[in-house]
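Each remark here refers to the structure printed beneath this line.
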Amino acid sequence: MSEITGIRINTNAKLQMGTFHVAVWGCQMNVYDADRIRDLMTASGYVEKAEPDGADVIILVTCAVRAKAEDKVFNQIATWRHRGVTNDETVIALGGCVGSELGQQIIEMNKGVSIVFGPRTAHRLPAMVAAFRATGDHIVDVKAEALEKFDALPEQGQRGPSAFVTIMEGCSNNCTYCIVPHTRGGEDSRPEQDILDEIAIHLEHGVKEIHLLGQNVNSYRGLNAEGKVGRFSSLLYEVASIPGVERLRFTTSNPMEFTDDIVQAIADLPIIADSIHIPVQSGSDRILKLMKRDYTSDSYRELVAKLRKARPNIYISTDIIVGFPGETDEDFAETMRLVNDIKFDSSFSFIYSKRPGTPAADLEDPVPLDHKRQNLYVLQAKLEEYASMYSQQMLGTRQRVLVEGISRKNENELKARTSNNRIAVFEGSRDLVGKMIDIDVIKVMSHTLKGQIVNA
(Lines give C-alpha, C1' and ligand atoms only; values in the text may rest on other atoms or scores of the structure.)
Protein backbone atom coordinates (compact mmCIF):
# COMPACT_ATOMS: atom_id res chain seq x y z
CA MET A 1 0.00 0.00 0.00
CA SER A 2 1.51 3.31 -0.99
CA GLU A 3 2.05 5.99 1.63
CA ILE A 4 1.10 9.35 0.14
CA THR A 5 3.51 11.11 2.48
CA GLY A 6 6.35 9.07 0.99
CA ILE A 7 6.06 10.66 -2.45
CA ARG A 8 6.65 14.32 -3.18
CA ILE A 9 3.93 15.56 -5.46
CA ASN A 10 3.37 19.17 -6.45
CA THR A 11 -0.42 19.33 -6.28
CA ASN A 12 -0.35 23.13 -6.73
CA ALA A 13 0.93 22.94 -10.29
CA LYS A 14 -1.27 24.82 -12.73
CA LEU A 15 -0.47 22.68 -15.78
CA GLN A 16 -3.17 20.49 -17.26
CA MET A 17 -3.22 17.34 -15.12
CA GLY A 18 -6.09 15.61 -16.92
CA THR A 19 -9.87 15.41 -16.67
CA PHE A 20 -12.15 14.28 -13.86
CA HIS A 21 -15.79 13.45 -13.25
CA VAL A 22 -17.61 13.45 -9.89
CA ALA A 23 -20.70 11.35 -9.12
CA VAL A 24 -22.47 11.63 -5.78
CA TRP A 25 -25.10 9.64 -3.87
CA GLY A 26 -26.58 10.29 -0.44
CA CYS A 27 -27.19 13.23 1.85
CA GLN A 28 -26.54 16.95 1.42
CA MET A 29 -23.23 16.59 3.26
CA ASN A 30 -22.04 14.28 0.49
CA VAL A 31 -23.18 16.89 -2.05
CA TYR A 32 -21.15 19.52 -0.18
CA ASP A 33 -18.10 17.24 -0.09
CA ALA A 34 -18.46 16.53 -3.82
CA ASP A 35 -18.60 20.25 -4.60
CA ARG A 36 -15.47 20.89 -2.53
CA ILE A 37 -13.73 18.02 -4.33
CA ARG A 38 -14.55 19.77 -7.61
CA ASP A 39 -12.92 22.95 -6.27
CA LEU A 40 -9.90 20.96 -5.14
CA MET A 41 -9.37 19.06 -8.40
CA THR A 42 -9.86 22.21 -10.49
CA ALA A 43 -7.35 24.13 -8.36
CA SER A 44 -4.90 21.24 -8.84
CA GLY A 45 -4.97 21.55 -12.63
CA TYR A 46 -7.73 19.11 -13.60
CA VAL A 47 -10.67 19.94 -15.87
CA GLU A 48 -14.12 18.65 -14.96
CA LYS A 49 -16.20 16.61 -17.41
CA ALA A 50 -19.97 16.56 -17.07
CA GLU A 51 -20.07 12.88 -18.10
CA PRO A 52 -17.72 10.04 -17.06
CA ASP A 53 -16.89 8.94 -20.63
CA GLY A 54 -13.19 9.44 -21.22
CA ALA A 55 -12.46 11.07 -17.85
CA ASP A 56 -8.97 10.32 -16.56
CA VAL A 57 -10.18 10.31 -12.96
CA ILE A 58 -13.66 9.31 -11.78
CA ILE A 59 -14.52 10.23 -8.19
CA LEU A 60 -17.51 8.64 -6.51
CA VAL A 61 -18.85 10.04 -3.23
CA THR A 62 -21.44 7.77 -1.69
CA CYS A 63 -23.45 7.00 1.42
CA ALA A 64 -23.19 4.15 3.91
CA VAL A 65 -26.43 4.71 5.83
CA ARG A 66 -28.25 2.07 3.78
CA ALA A 67 -26.90 -0.95 1.94
CA LYS A 68 -28.84 0.14 -1.16
CA ALA A 69 -26.51 3.12 -1.68
CA GLU A 70 -23.44 0.86 -1.55
CA ASP A 71 -25.00 -1.55 -4.03
CA LYS A 72 -25.73 1.32 -6.42
CA VAL A 73 -22.16 2.56 -6.54
CA PHE A 74 -20.65 -0.91 -7.13
CA ASN A 75 -23.25 -1.60 -9.83
CA GLN A 76 -22.41 1.74 -11.44
CA ILE A 77 -18.69 0.91 -11.53
CA ALA A 78 -19.46 -2.46 -13.14
CA THR A 79 -21.81 -0.88 -15.69
CA TRP A 80 -19.27 1.74 -16.71
CA ARG A 81 -16.65 -0.96 -17.19
CA HIS A 82 -19.01 -3.13 -19.26
CA ARG A 83 -19.95 -0.22 -21.51
CA GLY A 84 -16.37 0.88 -22.04
CA VAL A 85 -16.82 4.15 -20.18
CA THR A 86 -13.82 3.18 -18.03
CA ASN A 87 -10.75 1.09 -18.80
CA ASP A 88 -7.50 -0.05 -17.18
CA GLU A 89 -6.11 3.48 -17.36
CA THR A 90 -9.04 5.13 -15.55
CA VAL A 91 -8.29 6.15 -11.98
CA ILE A 92 -11.38 5.38 -9.88
CA ALA A 93 -11.54 6.99 -6.43
CA LEU A 94 -14.37 5.78 -4.19
CA GLY A 95 -15.13 7.69 -1.02
CA GLY A 96 -17.62 9.32 1.25
CA CYS A 97 -19.01 7.42 4.23
CA VAL A 98 -18.69 4.10 2.41
CA GLY A 99 -14.94 4.65 2.23
CA SER A 100 -14.67 4.94 6.00
CA GLU A 101 -17.04 2.03 6.51
CA LEU A 102 -15.35 -0.53 4.26
CA GLY A 103 -11.83 0.79 3.73
CA GLN A 104 -9.53 -1.94 2.42
CA GLN A 105 -12.52 -4.23 1.79
CA ILE A 106 -13.45 -2.06 -1.19
CA ILE A 107 -10.17 -2.90 -2.94
CA GLU A 108 -10.69 -6.58 -2.16
CA MET A 109 -14.25 -6.42 -3.53
CA ASN A 110 -13.34 -4.54 -6.69
CA LYS A 111 -9.76 -4.30 -7.95
CA GLY A 112 -10.94 -1.69 -10.43
CA VAL A 113 -11.12 0.83 -7.61
CA SER A 114 -7.77 2.65 -7.39
CA ILE A 115 -8.28 4.86 -4.34
CA VAL A 116 -10.45 4.71 -1.22
CA PHE A 117 -10.93 7.91 0.77
CA GLY A 118 -13.20 9.05 3.61
CA PRO A 119 -15.20 12.20 4.38
CA ARG A 120 -12.26 13.53 6.40
CA THR A 121 -9.56 12.86 3.77
CA ALA A 122 -11.12 14.25 0.59
CA HIS A 123 -8.65 17.14 0.63
CA ARG A 124 -5.81 14.68 -0.05
CA LEU A 125 -7.29 13.43 -3.32
CA PRO A 126 -4.91 15.16 -5.77
CA ALA A 127 -1.94 13.70 -3.88
CA MET A 128 -3.61 10.29 -3.81
CA VAL A 129 -4.21 10.39 -7.58
CA ALA A 130 -0.63 11.47 -8.23
CA ALA A 131 0.72 8.72 -5.96
CA PHE A 132 -1.40 6.04 -7.64
CA ARG A 133 -0.28 7.19 -11.08
CA ALA A 134 3.34 7.14 -9.97
CA THR A 135 3.31 3.66 -8.42
CA GLY A 136 0.19 1.81 -9.55
CA ASP A 137 -0.38 0.75 -5.93
CA HIS A 138 -3.89 0.95 -4.51
CA ILE A 139 -4.38 3.62 -1.84
CA VAL A 140 -6.65 3.50 1.19
CA ASP A 141 -6.61 6.74 3.19
CA VAL A 142 -9.67 7.31 5.37
CA LYS A 143 -8.43 8.79 8.65
CA ALA A 144 -7.76 12.42 9.57
CA GLU A 145 -8.74 15.02 12.13
CA ALA A 146 -12.37 16.12 11.73
CA LEU A 147 -11.73 19.71 10.61
CA GLU A 148 -8.39 19.23 8.84
CA LYS A 149 -9.93 19.25 5.39
CA PHE A 150 -11.53 22.67 5.84
CA ASP A 151 -8.12 24.25 6.39
CA ALA A 152 -6.66 22.47 3.35
CA LEU A 153 -9.40 23.10 0.78
CA PRO A 154 -9.12 25.95 -1.76
CA GLU A 155 -11.59 28.79 -2.12
CA GLN A 156 -14.96 27.45 -3.21
CA GLY A 157 -16.20 27.95 -6.74
CA GLN A 158 -19.57 29.13 -7.97
CA ARG A 159 -22.54 27.02 -6.89
CA GLY A 160 -25.57 28.76 -8.36
CA PRO A 161 -28.05 30.76 -6.28
CA SER A 162 -28.07 28.33 -3.34
CA ALA A 163 -25.05 26.95 -1.49
CA PHE A 164 -24.46 24.28 1.14
CA VAL A 165 -22.12 25.17 4.00
CA THR A 166 -21.03 22.39 6.35
CA ILE A 167 -20.73 23.78 9.89
CA MET A 168 -19.69 20.59 11.69
CA GLU A 169 -18.50 17.06 11.07
CA GLY A 170 -19.60 13.78 12.63
CA CYS A 171 -22.20 12.76 15.18
CA SER A 172 -21.92 11.65 18.82
CA ASN A 173 -25.45 10.39 19.44
CA ASN A 174 -24.71 6.74 18.59
CA CYS A 175 -28.26 5.77 17.61
CA THR A 176 -28.27 1.99 17.51
CA TYR A 177 -29.13 1.71 13.79
CA CYS A 178 -26.74 4.37 12.52
CA ILE A 179 -23.25 3.91 11.10
CA VAL A 180 -22.46 7.63 10.79
CA PRO A 181 -20.47 7.92 14.06
CA HIS A 182 -18.19 5.24 12.64
CA THR A 183 -17.88 6.67 9.14
CA ARG A 184 -17.72 10.39 9.99
CA GLY A 185 -16.55 10.22 13.62
CA GLY A 186 -17.73 12.20 16.62
CA GLU A 187 -19.05 15.73 16.50
CA ASP A 188 -16.58 18.54 15.85
CA SER A 189 -17.76 22.06 15.02
CA ARG A 190 -16.06 24.57 12.78
CA PRO A 191 -15.18 27.98 14.25
CA GLU A 192 -17.91 30.53 13.63
CA GLN A 193 -15.63 32.90 11.70
CA ASP A 194 -14.60 30.15 9.26
CA ILE A 195 -18.26 29.57 8.46
CA LEU A 196 -18.96 33.29 8.02
CA ASP A 197 -15.91 33.66 5.76
CA GLU A 198 -17.10 30.80 3.54
CA ILE A 199 -20.56 32.34 3.33
CA ALA A 200 -19.05 35.70 2.33
CA ILE A 201 -17.31 34.07 -0.66
CA HIS A 202 -20.57 32.45 -1.73
CA LEU A 203 -22.30 35.81 -1.59
CA GLU A 204 -19.59 37.31 -3.80
CA HIS A 205 -20.47 34.60 -6.32
CA GLY A 206 -24.13 35.63 -6.35
CA VAL A 207 -25.56 33.13 -3.86
CA LYS A 208 -28.84 34.21 -2.27
CA GLU A 209 -29.68 31.16 -0.14
CA ILE A 210 -27.40 29.56 2.46
CA HIS A 211 -28.08 25.99 3.62
CA LEU A 212 -26.22 25.10 6.83
CA LEU A 213 -25.32 21.42 7.12
CA GLY A 214 -24.45 19.06 9.93
CA GLN A 215 -25.16 15.45 10.73
CA ASN A 216 -26.81 16.90 13.83
CA VAL A 217 -26.75 20.56 12.87
CA ASN A 218 -28.43 21.96 15.96
CA SER A 219 -25.77 20.54 18.28
CA TYR A 220 -23.28 23.01 16.78
CA ARG A 221 -20.74 24.17 19.39
CA GLY A 222 -18.10 26.11 17.43
CA LEU A 223 -15.91 28.81 18.92
CA ASN A 224 -17.24 32.34 18.36
CA ALA A 225 -15.33 35.63 17.90
CA GLU A 226 -14.83 35.90 21.66
CA GLY A 227 -13.24 32.47 21.82
CA LYS A 228 -16.22 31.04 23.65
CA VAL A 229 -18.28 27.99 22.68
CA GLY A 230 -21.21 29.22 20.63
CA ARG A 231 -24.67 27.81 20.13
CA PHE A 232 -26.53 27.00 16.94
CA SER A 233 -29.15 29.67 17.62
CA SER A 234 -26.41 32.32 17.88
CA LEU A 235 -24.99 31.19 14.53
CA LEU A 236 -28.44 31.55 12.96
CA TYR A 237 -28.65 35.17 14.12
CA GLU A 238 -25.11 35.86 12.83
CA VAL A 239 -25.77 34.40 9.37
CA ALA A 240 -29.16 36.09 9.10
CA SER A 241 -27.53 39.48 9.75
CA ILE A 242 -25.11 39.19 6.80
CA PRO A 243 -26.12 41.54 3.95
CA GLY A 244 -26.94 39.51 0.87
CA VAL A 245 -28.32 36.42 2.59
CA GLU A 246 -31.93 36.34 1.51
CA ARG A 247 -32.93 32.89 2.72
CA LEU A 248 -31.49 30.52 5.31
CA ARG A 249 -32.02 26.76 5.64
CA PHE A 250 -30.48 24.11 7.88
CA THR A 251 -30.34 20.31 7.90
CA THR A 252 -30.50 17.92 9.77
CA SER A 253 -32.00 18.70 13.17
CA ASN A 254 -32.21 16.18 15.97
CA PRO A 255 -35.27 16.54 18.24
CA MET A 256 -32.99 15.96 21.24
CA GLU A 257 -31.10 19.19 20.50
CA PHE A 258 -33.94 21.36 19.22
CA THR A 259 -33.90 23.76 22.15
CA ASP A 260 -36.19 26.71 22.87
CA ASP A 261 -33.56 29.25 21.77
CA ILE A 262 -33.61 27.71 18.28
CA VAL A 263 -37.41 27.90 18.24
CA GLN A 264 -37.13 31.57 19.23
CA ALA A 265 -34.67 32.22 16.42
CA ILE A 266 -37.18 30.81 13.96
CA ALA A 267 -39.80 33.15 15.42
CA ASP A 268 -37.45 36.15 15.21
CA LEU A 269 -35.86 35.55 11.81
CA PRO A 270 -38.26 35.49 8.84
CA ILE A 271 -35.23 34.87 6.63
CA ILE A 272 -35.25 31.25 7.90
CA ALA A 273 -37.21 29.13 5.41
CA ASP A 274 -40.67 27.84 6.27
CA SER A 275 -39.57 24.20 5.82
CA ILE A 276 -37.90 22.55 8.83
CA HIS A 277 -36.61 18.97 8.71
CA ILE A 278 -36.73 17.07 12.02
CA PRO A 279 -36.24 13.28 11.78
CA VAL A 280 -38.51 11.36 14.16
CA GLN A 281 -37.68 7.81 12.90
CA SER A 282 -40.62 6.18 14.75
CA GLY A 283 -43.79 7.08 16.61
CA SER A 284 -43.39 4.20 19.05
CA ASP A 285 -41.71 5.05 22.35
CA ARG A 286 -40.59 1.43 22.66
CA ILE A 287 -38.85 1.54 19.29
CA LEU A 288 -37.38 4.99 19.99
CA LYS A 289 -35.81 3.57 23.15
CA LEU A 290 -34.37 0.63 21.20
CA MET A 291 -33.01 3.12 18.68
CA LYS A 292 -31.44 5.12 21.53
CA ARG A 293 -33.33 8.23 20.50
CA ASP A 294 -33.61 10.24 23.73
CA TYR A 295 -37.09 11.67 23.24
CA THR A 296 -40.64 10.38 23.17
CA SER A 297 -43.42 10.69 20.63
CA ASP A 298 -45.18 13.17 22.95
CA SER A 299 -42.08 15.34 23.39
CA TYR A 300 -41.79 15.40 19.58
CA ARG A 301 -45.43 16.53 19.37
CA GLU A 302 -44.67 19.27 21.90
CA LEU A 303 -41.69 20.47 19.85
CA VAL A 304 -43.79 20.71 16.69
CA ALA A 305 -46.48 22.60 18.62
CA LYS A 306 -43.86 25.14 19.76
CA LEU A 307 -42.61 25.57 16.20
CA ARG A 308 -46.10 26.08 14.82
CA LYS A 309 -46.80 28.68 17.49
CA ALA A 310 -43.55 30.45 16.64
CA ARG A 311 -44.15 30.22 12.87
CA PRO A 312 -47.81 29.40 12.04
CA ASN A 313 -47.02 28.72 8.36
CA ILE A 314 -44.18 26.30 9.08
CA TYR A 315 -43.94 22.99 7.20
CA ILE A 316 -42.43 20.00 8.99
CA SER A 317 -40.63 17.21 7.13
CA THR A 318 -39.08 14.14 8.72
CA ASP A 319 -37.33 10.76 8.38
CA ILE A 320 -39.11 7.52 9.30
CA ILE A 321 -37.68 4.00 9.49
CA VAL A 322 -40.15 1.17 8.90
CA GLY A 323 -39.42 -2.34 10.14
CA PHE A 324 -36.82 -1.67 12.82
CA PRO A 325 -35.93 -5.05 14.37
CA GLY A 326 -38.87 -6.31 16.41
CA GLU A 327 -41.30 -3.62 15.28
CA THR A 328 -44.83 -4.91 15.96
CA ASP A 329 -48.10 -3.92 14.34
CA GLU A 330 -48.84 -1.80 17.43
CA ASP A 331 -45.49 -0.03 17.09
CA PHE A 332 -46.28 0.75 13.47
CA ALA A 333 -49.77 1.91 14.46
CA GLU A 334 -48.12 4.35 16.91
CA THR A 335 -46.02 5.71 14.04
CA MET A 336 -49.14 6.18 11.93
CA ARG A 337 -50.85 7.95 14.85
CA LEU A 338 -47.95 10.37 15.05
CA VAL A 339 -48.03 10.93 11.28
CA ASN A 340 -51.73 11.72 11.46
CA ASP A 341 -51.27 14.02 14.45
CA ILE A 342 -48.38 16.01 12.94
CA LYS A 343 -49.50 15.77 9.31
CA PHE A 344 -45.96 15.93 7.96
CA ASP A 345 -45.39 17.83 4.76
CA SER A 346 -42.97 15.20 3.49
CA SER A 347 -40.71 12.40 4.68
CA PHE A 348 -37.73 10.32 3.71
CA SER A 349 -39.20 6.95 4.66
CA PHE A 350 -37.57 3.59 4.09
CA ILE A 351 -37.26 0.05 5.40
CA TYR A 352 -34.62 -0.51 8.08
CA SER A 353 -31.26 -1.50 6.62
CA LYS A 354 -28.90 -3.53 8.82
CA ARG A 355 -25.49 -1.91 9.06
CA PRO A 356 -22.63 -4.15 10.24
CA GLY A 357 -21.07 -3.03 13.50
CA THR A 358 -24.11 -1.16 14.80
CA PRO A 359 -25.90 -2.41 17.94
CA ALA A 360 -29.21 -2.86 16.09
CA ALA A 361 -27.55 -5.32 13.70
CA ASP A 362 -27.48 -7.88 16.53
CA LEU A 363 -31.18 -7.57 17.40
CA GLU A 364 -33.59 -10.35 16.47
CA ASP A 365 -35.76 -9.36 13.55
CA PRO A 366 -38.66 -11.80 13.05
CA VAL A 367 -40.84 -9.50 10.91
CA PRO A 368 -41.04 -10.69 7.27
CA LEU A 369 -39.74 -8.29 4.62
CA ASP A 370 -43.04 -8.40 2.71
CA HIS A 371 -44.86 -7.19 5.83
CA LYS A 372 -42.39 -4.31 6.17
CA ARG A 373 -42.93 -3.40 2.53
CA GLN A 374 -46.68 -3.33 3.02
CA ASN A 375 -46.31 -1.04 6.03
CA LEU A 376 -44.01 1.24 4.06
CA TYR A 377 -46.60 1.44 1.29
CA VAL A 378 -49.31 2.41 3.81
CA LEU A 379 -47.06 5.04 5.37
CA GLN A 380 -45.96 6.59 2.10
CA ALA A 381 -49.52 6.72 0.79
CA LYS A 382 -50.57 8.71 3.86
CA LEU A 383 -47.54 11.01 3.61
CA GLU A 384 -48.29 11.66 -0.05
CA GLU A 385 -51.88 12.52 0.92
CA TYR A 386 -50.71 15.21 3.34
CA ALA A 387 -48.11 16.59 0.90
CA SER A 388 -50.81 16.90 -1.74
CA MET A 389 -53.11 18.61 0.76
CA TYR A 390 -50.50 21.26 1.55
CA SER A 391 -49.78 21.82 -2.11
CA GLN A 392 -53.46 22.32 -2.88
CA GLN A 393 -53.65 24.88 -0.08
CA MET A 394 -51.03 26.92 -1.92
CA LEU A 395 -53.26 27.41 -4.97
CA GLY A 396 -54.01 31.11 -5.38
CA THR A 397 -51.30 32.20 -2.93
CA ARG A 398 -48.36 34.48 -3.55
CA GLN A 399 -44.95 32.94 -2.97
CA ARG A 400 -41.44 34.34 -2.72
CA VAL A 401 -39.23 32.02 -4.77
CA LEU A 402 -35.55 31.66 -5.60
CA VAL A 403 -35.10 31.11 -9.34
CA GLU A 404 -32.69 28.18 -9.68
CA GLY A 405 -32.52 27.69 -13.44
CA ILE A 406 -34.34 26.45 -16.52
CA SER A 407 -37.08 23.83 -16.22
CA ARG A 408 -35.92 20.35 -17.26
CA LYS A 409 -39.22 19.63 -19.01
CA ASN A 410 -39.74 22.91 -20.80
CA GLU A 411 -36.83 25.15 -21.82
CA ASN A 412 -39.25 28.08 -22.11
CA GLU A 413 -39.98 27.94 -18.39
CA LEU A 414 -37.92 28.77 -15.33
CA LYS A 415 -37.62 26.59 -12.24
CA ALA A 416 -37.71 28.05 -8.74
CA ARG A 417 -37.98 26.91 -5.12
CA THR A 418 -40.48 28.19 -2.57
CA SER A 419 -39.71 28.83 1.09
CA ASN A 420 -41.52 25.58 1.98
CA ASN A 421 -39.24 23.69 -0.44
CA ARG A 422 -41.55 23.14 -3.38
CA ILE A 423 -40.54 23.45 -7.01
CA ALA A 424 -42.46 25.98 -9.07
CA VAL A 425 -42.25 26.49 -12.84
CA PHE A 426 -43.31 29.56 -14.77
CA GLU A 427 -42.61 31.56 -17.90
CA GLY A 428 -39.97 34.24 -17.55
CA SER A 429 -36.74 35.62 -18.97
CA ARG A 430 -33.48 33.85 -18.22
CA ASP A 431 -31.97 36.92 -16.59
CA LEU A 432 -34.17 36.11 -13.57
CA VAL A 433 -32.05 33.02 -12.76
CA GLY A 434 -30.37 33.54 -9.41
CA LYS A 435 -32.88 36.14 -8.21
CA MET A 436 -35.64 36.13 -5.59
CA ILE A 437 -38.99 37.07 -7.10
CA ASP A 438 -42.71 36.83 -6.30
CA ILE A 439 -45.07 34.51 -8.17
CA ASP A 440 -48.75 33.69 -7.92
CA VAL A 441 -49.55 29.97 -7.82
CA ILE A 442 -52.09 29.36 -10.58
CA LYS A 443 -52.05 25.55 -10.77
CA VAL A 444 -51.01 22.60 -8.60
CA MET A 445 -49.60 19.56 -10.38
CA SER A 446 -48.56 16.23 -8.87
CA HIS A 447 -45.15 17.33 -7.55
CA THR A 448 -44.80 20.83 -8.96
CA LEU A 449 -46.50 24.21 -8.73
CA LYS A 450 -47.36 26.26 -11.82
CA GLY A 451 -46.73 29.94 -11.25
CA GLN A 452 -47.12 33.33 -12.84
CA ILE A 453 -44.74 36.21 -12.18
CA VAL A 454 -46.39 39.01 -10.24
CA ASN A 455 -47.00 42.06 -12.45
CA ALA A 456 -45.63 40.16 -15.46
Side-chain angles (χ1 to χ4, degrees), residues 1-13 17-26 29-49 52-64 69-81 85-145 148-149 152-154 182-185:
M1 201 61 59
S2 289
E3 292 290 339
I4 296 171
T5 53
I7 299 175
R8 292 194 174 186
I9 303 294
N10 180 11
T11 57
N12 293 319
M17 302 294 291
T19 58
F20 75 98
H21 172 76
V22 178
V24 59
W25 292 263
M29 294 190 74
N30 276 358
V31 174
Y32 174 87
D33 287 345
D35 281 339
R36 300 302 275 128
I37 287 169
R38 291 184 174 97
D39 297 335
L40 184 71
M41 295 297 287
T42 300
S44 299
Y46 290 85
V47 175
E48 184 174 10
K49 290 177 63 88
D53 304 65
D56 298 307
V57 182
I58 294 180
I59 303 165
L60 304 105
V61 185
T62 193
C63 178
E70 292 176 13
D71 294 340
K72 281 184 177 179
V73 73
F74 287 116
N75 288 338
Q76 182 65 81
I77 292 171
T79 299
W80 280 337
R81 182 71 177 193
V85 173
T86 62
N87 54 48
D88 290 341
E89 302 301 316
T90 309
V91 179
I92 297 179
L94 176 55
C97 288
V98 75
S100 295
E101 179 200 11
L102 297 178
Q104 178 65 28
Q105 294 179 53
I106 292 175
I107 303 298
E108 295 168 359
M109 294 164 64
N110 191 323
K111 295 294 184 181
V113 175
S114 316
I115 296 164
V116 178
F117 65 96
R120 297 186 175 193
T121 59
H123 60 291
R124 300 174 185 165
L125 264 173
M128 295 185 206
V129 172
F132 177 79
R133 283 177 156 177
T135 67
D137 292 339
H138 293 93
I139 294 170
V140 177
D141 184 9
V142 298
K143 294 182 179 180
E145 293 298 318
E148 178 184 323
K149 71 178 179 184
L153 289 169
H182 171 64
T183 59
R184 285 189 177 265

Where is the tightest heavy-atom contact between [X] and [Y], given as atom of each residue plus distance?
| X | Y | answer |
| --- | --- | --- |
| Ala122 | Phe117 | CA-CD1, 4.1 Å |
| Pro119 | Asp33 | CB-OD2, 4.2 Å |
| Ile58 | Ala55 | CG1-CB, 4.2 Å |
| Arg133 | Met17 | NH1-O, 3.1 Å |
| Pro154 | Arg36 | O-NH2, 2.9 Å |
| Thr90 | Ser114 | O-OG, 3.9 Å |

Quick check for you: to the nearest 0.5 Å, what is the distance between [X] atom [atom1] and [Y] atom [atom2]?
| X | Y | atom1 | atom2 | value |
| --- | --- | --- | --- | --- |
| Lys149 | Leu125 | NZ | CG | 11.0 Å |
| Ile37 | Tyr46 | CD1 | OH | 13.5 Å |
| Ile92 | Ile77 | CD1 | CD1 | 5.5 Å |
| Leu40 | Asp35 | CG | CG | 12.5 Å |
| Asp39 | His123 | CG | NE2 | 15.0 Å |

Next on the checklist: Parallel, tilted or perpendicular: which one describes the rings of Phe132 and His138, with boundaries at 30° and 60°?
Outcome noted: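 It falls in the tilted class, 30° to 60°.
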Just by modelled atom types, is the [Y] backbone N or O under 3.5 Å from a matching donor or acceptor in the [X] side chain?
| X | Y | result |
| --- | --- | --- |
| Thr121 | Lys143 | no |
| His21 | Lys49 | yes |
| Asp53 | Val85 | no |
| Arg120 | Arg184 | yes |

Next on the checklist: If the condition is salt bridge (Lys or Arg N to Asp or Glu O under 4.0 Å), which residues does Glu148 pass it with, not counting sequence neighbours?
Outcome noted: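 Result, salt bridge (Lys or Arg N to Asp or Glu O under 4.0 Å) vs Glu148: Arg124.
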Next on the checklist: Is there a side-chain contact (heavy atoms from CB on, under 4.5 Å) between Val91 and Phe20? Walk through the geometry before answering.
Outcome noted: CA-CA 9 Å; Val91 179; Phe20 75 98; over 6 Å; no
Next on the checklist: For Glu48, I'd like to know if atom CD has over 12 heavy atoms of other residues, nucleotides or ligands within 6.0 Å.
Outcome noted: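 Above 12, so yes.
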Item to check | Sole residue of Leu102, Val61, Ile106 in side-chain contact (heavy atoms from CB on, under 4.5 Å) with Leu94 | outcome: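 So, applying the side-chain contact (heavy atoms from CB on, under 4.5 Å) to Leu94 and each of Leu102, Val61, Ile106, only Ile106 qualifies.
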Checklist entry - Are the charged groups of Arg81 and Asp88 less than 4.0 angstrom apart, N to O? => result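 Salt bridge: yes.
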